[in-house]
Chemist: 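Submitted below is the structure of interest, expressed as structure tokens.
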Amino acid sequence: NIPPSITMLENLQVLNLSSNGLKGEIPSSIGDLISLKNLSLAFNSFSGDVPDSLSAIPGLLHLDLSSNQLNGTIPTFISEMRNLKHLNLANNLLHGVVPFNSSFIDKLEVLKVGGNGNLCYNRSVLSSKFIMKLEIAPCDKFGRPVSPPPSKRSNSADDGSDGDYDYDDGDGGGGGGSVRHMKEHHHGPNKVVLGVAIALSSIVFLVVFLILCSKCCR
Ligand SMILES: *[C@@H]1O[C@H](CO)[C@@H](O)[C@H](O)[C@H]1NC(C)=O
Ligand SMILES: *[C@@H]1O[C@H](CO)[C@@H](O)[C@H](O)[C@H]1NC(C)=O
Ligand SMILES: *[C@@H]1O[C@H](CO)[C@@H](O)[C@H](O)[C@H]1NC(C)=O
Ligand SMILES: *[C@@H]1O[C@H](CO)[C@@H](O)[C@H](O)[C@H]1NC(C)=O
Ligand SMILES: *[C@@H]1O[C@H](CO)[C@@H](O)[C@H](O)[C@H]1NC(C)=O
């Protein structure tokens, strides 16, 4: 956990505790670090809410809480933090409607909220210009995402795993069975590629052989 004594560092401007094994809730006393400009708690196992006390840090420029297990909604006070330039809340368990309007998003240099499966944006608040940036789905009238959020990871996945997804859709079921099928499916294209490669190299060999033959015969 973050030790309570950390709040004695009232002149601290940069605190980067990213990529440690830290867990528990982010203590609300973090708001006592009133000189902070950059705060990163990314790539830990923090859970619970984004603490309200962060709103007490007037000069916060850079806030990175990505890749934790933070839950709850994104607090509205964040959109009132005037100096914020870089905000990363990606890859947590946050849910509900993103409380940001276009003018707030426009002001930020970096905004990441993707990888929170139950987070969504309000179509009547955000113009389409900002939607791609967010990498989350639009909300229904209950404030829940209407469709699975666009996922960067699955787009950038290699052809092999795309094939697995297709096959899985067709299979439509059984746990162990589908794993076995996925394995077979994975080997399928490799065999085809191997076959084509052997066929092509045989043809090339044959052509070279025939050319050499015809030269010899002359
Ligand atoms: C924190 O440290 C990591 C690793 O050195 C670096 O990638 C990241 O940009 C830093 N973040 C801040 C806010 O200084
Ligand atoms: C949010 O995280 C806290 C702290 O781990 C946990 O007690 C709480 O049950 C979680 N809430 C939800 C809705 O998952
Ligand atoms: C603090 O954050 C700002 C804005 O994102 C960035 O330009 C700067 O490099 C960061 N400083 C440190 C020491 O990480
Ligand atoms: C956007 O949100 C900020 C902070 O919540 C607010 O001050 C501002 O008036 C809003 N702008 C628009 C165009 O709604
Ligand atoms: C989206 O914004 C509109 C207009 O501000 C509001 O009436 C509506 O309740 C919001 N929807 C959700 C799901 O928050």
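Both ligands and their constituent atoms are indexed starting at 1 by order of listing. Heavy atoms only: backbone and side chains are in, while hydrogens, waters and symmetry mates are out. Residue numbers start at 1 and run along the sequence shown.
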Chemist: Please report the closest heavy-atom contact between Met81 and Ile57, naming both atoms and the distance.
Modeler: CE-O, 3.8 Å
Chemist: Ignoring angles and geometry beyond distance, decide whether Asn122 reaches within less than 3.5 Å of ligand 5 through its nitrogen or oxygen atoms.
Modeler: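 Yes; at least one N/O pair falls below 3.5 Å.
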Chemist: Any idea which atoms of ligand 5 are less than 4.0 Å away from a heavy-atom of Ser124?
Modeler: 1 (C), 2 (O), 3 (C), 4 (C)
Chemist: Return yes when atom NZ of Lys23 has more than 12 non-hydrogen atoms of other residues, nucleotides or ligands closer than 6.0 Å, and no otherwise.
Modeler: no
Chemist: Show the short N or O contacts, below 3.5 Å, that ligand 4 makes with protein N or O atoms; if there are none, say 'none'.
Modeler:
unit_1: ligand 4; atom_1: 2 (O); unit_2: Asn101; atom_2: OD1; d: 3.4
unit_1: ligand 4; atom_1: 2 (O); unit_2: Asn101; atom_2: ND2; d: 2.3
unit_1: ligand 4; atom_1: 5 (O); unit_2: Ser79; atom_2: OG; d: 3.4
unit_1: ligand 4; atom_1: 11 (N); unit_2: Asn101; atom_2: ND2; d: 2.8
unit_1: ligand 4; atom_1: 11 (N); unit_2: Ser103; atom_2: OG; d: 3.3
unit_1: ligand 4; atom_1: 14 (O); unit_2: Asn101; atom_2: ND2; d: 3.2

Chemist: By side chain to side chain donor-acceptor pair (under 3.5 Å), which residues pair with Asn83, not counting sequence neighbours?
Modeler: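 Side chain to side chain donor-acceptor pair (under 3.5 Å) check on Asn83 returns nothing, list empty.
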Chemist: For Asn20, does its backbone N or O pair with a side-chain atom of Asn44 as donor and acceptor, under 3.5 Å?
Modeler: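 Such a contact is found between Asn44 side chain and Asn20 backbone.
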Chemist: Examine Asn38 against ligand 3 and note whether any of their N/O atoms are separated by less than 3.5 Å.
Modeler: yes
Chemist: Is Lys85 atom NZ crowded by more than 12 heavy atoms from other residues, nucleotides or ligands, each under 6.0 Å away?
Modeler: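 Yes, because the 6.0 Å sphere around NZ of Lys85 holds more than 12 heavy atoms from other groups.
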Chemist: Is the contact between His62 and ligand 3 made by the side chain, the backbone, both, or neither, using heavy atoms and a 4.0 Å cut-off?
Modeler: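 The answer is the side chain of His62.
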Chemist: Regarding ligand 5, does Lys141 bring an N or O atom to under 3.5 Å of one of the ligand's N or O atoms?
Modeler: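 Lys141 vs ligand 5: no N/O contact under 3.5 Å.
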Chemist: Give the atoms of ligand 5, by number and element, whose distance to some non-hydrogen atom of Asp140 is under 4.0 Å.
Modeler: 13 (C)
Chemist: Run through Leu94, Asn91, Leu134, Asn92 and flag the one making a side-chain contact (heavy atoms from CB on, under 4.5 Å) with Val113.
Modeler: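 That would be Leu134; it is the only one of Leu94, Asn91, Leu134, Asn92 passing the side-chain contact (heavy atoms from CB on, under 4.5 Å) with Val113.
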Chemist: Is the shortest heavy-atom distance from the side chain of Ile74 to the side chain of Asn116 under 4.5 Å?
Modeler: no
Chemist: Donor-acceptor pair, distance only, cut-off 3.5 Å: does the side chain of Ser35 make one with the backbone of Glu10?
Modeler: yes
Chemist: Where the side chain of Asn68 meets the backbone of Leu70, is there a donor-acceptor pair that is under 3.5 Å apart?
Modeler: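 It does not hold such a pair.
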